[in-house]
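See structure below.
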Amino acid sequence: MLSQSASKATPEELASFYRDLETQSTAALWTVQESVLVNEPKSKAVPHVWRWKELRPQAMRAADLIGTQDAERRVIMLLNPGLDGRIATTNSLFSGLQIVMPGESARAHRHTPAALRFIIESDGGYTTVNGDRIPMHNGDLVLTPNWTWHDHGNNTNTPIMWLDGLDLPLAHMLEAVFYEPYSEDVQPVTLPTDSSLTTYGAASLRPTWENPTETHSPLMHYPWDQTWAALQRLAPVADGSPYDGVVLEYTNPNTGGPVMPTMACHIQLLRPGESTKAHRHTSSTIYHVVEGEGFSVVDGQRLDWENKDVFCVPGWAYHEHANASATEPAVLFSFTDAPVLRSLSLLREQPHPEGHQ
Ligand code: GTQ
Ligand code: FE2
């Protein structure tokens, strides 16, 4: 029979051993065992709400102070108060509010971190992605996947603003960030306007001569009218998810899977008075309130939100949502790193044992 053995050293001998190890860039695993192999994750990121009432004026102020010659991108970053000093909104995801003023362009570049934009105020501003000029309207989702050339422009009479979502903290952690400026400020438009929508935007009808070659969606533009129509059709008749209400995933039409390999996007509608059950998952999520008002309970903390606010749910934090209005729907856009965790067999989900926190 084998058995565990007793330690032989005095405290002094151990202390001197640990000091010697340190000088050789080593250490004893047993001294840090519990902080390495934790029973379960505890995110340093905290639940937080960024209020539109505060964000929008600061974006306008930025537009007054800084030109797009000096700011590669004029973005007010949303920094998680628990992640001191890191450029991150959750552990893995970054979000920010970007503003482009009338007559301005934000010059063309590309990078390995993937990005998405959820349009908050725009009546025809554009993003060009690899030669495809995409007009942006409120509620649209626009993708600029890994290493695609992109520039933004505003040829309208009013400021345009959107929420950026990037996998930047994740790409940084993996030391896989590359960046390249384009040779000109504005890339040439080489395709008919909104080509990806023309080619791939018909629900459930895929052009068979186009062969999927990329890991991301070939569709770069998910217009709000289609998203809203789908929610409206379903809301009166669907049970919906116990954790999210009527929730729809934006999909890659080639695969039915997430829009990009690192980020999935969802739109959800909470019906008047609807509140959900609590669960948690290892993926983290950033939410934008498209319309309505309500609150979420995240890790036991109540986060009240209203129109156009942004809030985050760190990984493995219990969360549940409630629409505070008895007459109006509440609509939330969100993005998450769940595809990363799923592809690495690290995605876990757990319902709250009592249903609510
Ligand atoms: O619009 O290209 O929020 O490159 C951060 C980095 C936006 C962009 C961000 C970017 C962009
Ligand atoms: Fe960019």
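We count ligands from 1, going down the list as the structure has it; atoms in each ligand are counted the same way. The shown structure was predicted, so the numbers you read here are calculated from the model rather than taken from an experiment.
- Checked options Asp309, Thr89, Leu97; the residue passing with Trp50 is Thr89 (criterion: side chain to side chain contact (heavy atoms under 4.5 Å, CB included)).
- Counting only heavy atoms of the protein, atom 5 (C) of ligand 1 lies nearest to Leu166 CD1, 3.8 Å.
- Looking only at heavy atoms of the protein, atom 11 (C) of ligand 1 is closest to Arg73 CG, 3.5 Å.
- Close contacts between ligand 1 and His109 involve ligand atoms 2 (O), 4 (O) [criterion: under 4.0 Å to a heavy atom].
- Using a 4.0 Å cut-off between charged nitrogen and carboxylate oxygen, Arg302 and Asp304 count as a salt-bridge pair.
- Around the Fe ion (ligand 2), the protein atoms of type N, O or S found under 2.8 Å away are His109 NE2, His111 NE2, His150 NE2, listed by chain and number.
- Shown in contact with Phe94 at under 4.0 Å from a heavy atom are these atoms of ligand 1, numbered in order with element: 3 (O).
- When each atom of ligand 1 is checked for a heavy atom of Gln98 under 4.0 Å away, the hits are 1 (O), 7 (C), 8 (C).
- Looking at His150 against ligand 1, only its side chain comes within 4.0 Å, counting heavy atoms.
- Residues Glu293 and Glu328 are not in side-chain contact: their nearest non-hydrogen atoms beyond the backbone lie 4.5 Å or more apart.
- Tested against His319 for a ring pair (Phe, Tyr, Trp, His ring centres under 6.0 Å), the candidates His281, His352, His356 yield a single pass: His281.
- Under 4.0 angstrom from ligand 1, there are no non-hydrogen atoms of Met77.
- At the top of the distance list for atom 7 (C) of ligand 1, counting protein heavy atoms only, stands Asp164 OD2, 3.3 Å.
- When side chains are defined from C-beta on, Tyr243 counts as touching Pro351, because their heavy atoms get closer than 4.5 Å.
- In this structure, Glu72 does not count as a contact residue of ligand 1, since none of its heavy atoms falls inside 4.0 Å of the ligand.
- Set against the non-hydrogen atoms of His152, the atoms of ligand 1 under 4.0 Å away are 1 (O), 2 (O), 8 (C).
- For the side chain to side chain contact (heavy atoms under 4.5 Å, CB included) with Leu191, the lone residue among Asn130, Asp132, Val129 that qualifies is Asp132.
- Donor-acceptor pairing under 3.5 Å is recorded for the side chains of Asn154 and Thr156.
- The pair Asp151-Arg107 fails the salt-bridge criterion, with no side-chain N (NZ, NE, NH1 or NH2) lying under 4.0 Å from an Asp/Glu carboxylate O.
- Across every non-hydrogen atom of Thr128 and Arg133, the tightest pair is OG1-NE, 3.3 Å.
- Minimum interatomic distance between Leu168 and Phe94 (heavy atoms only, all atoms of both residues): CB-CB, 4.1 Å.
- Salt bridge status for Arg51 with Glu306: absent, with no side-chain N to carboxylate O gap under 4.0 Å.
- The residue Thr144 has no part lying near ligand 1, judged by heavy-atom distances below 4.0 Å.
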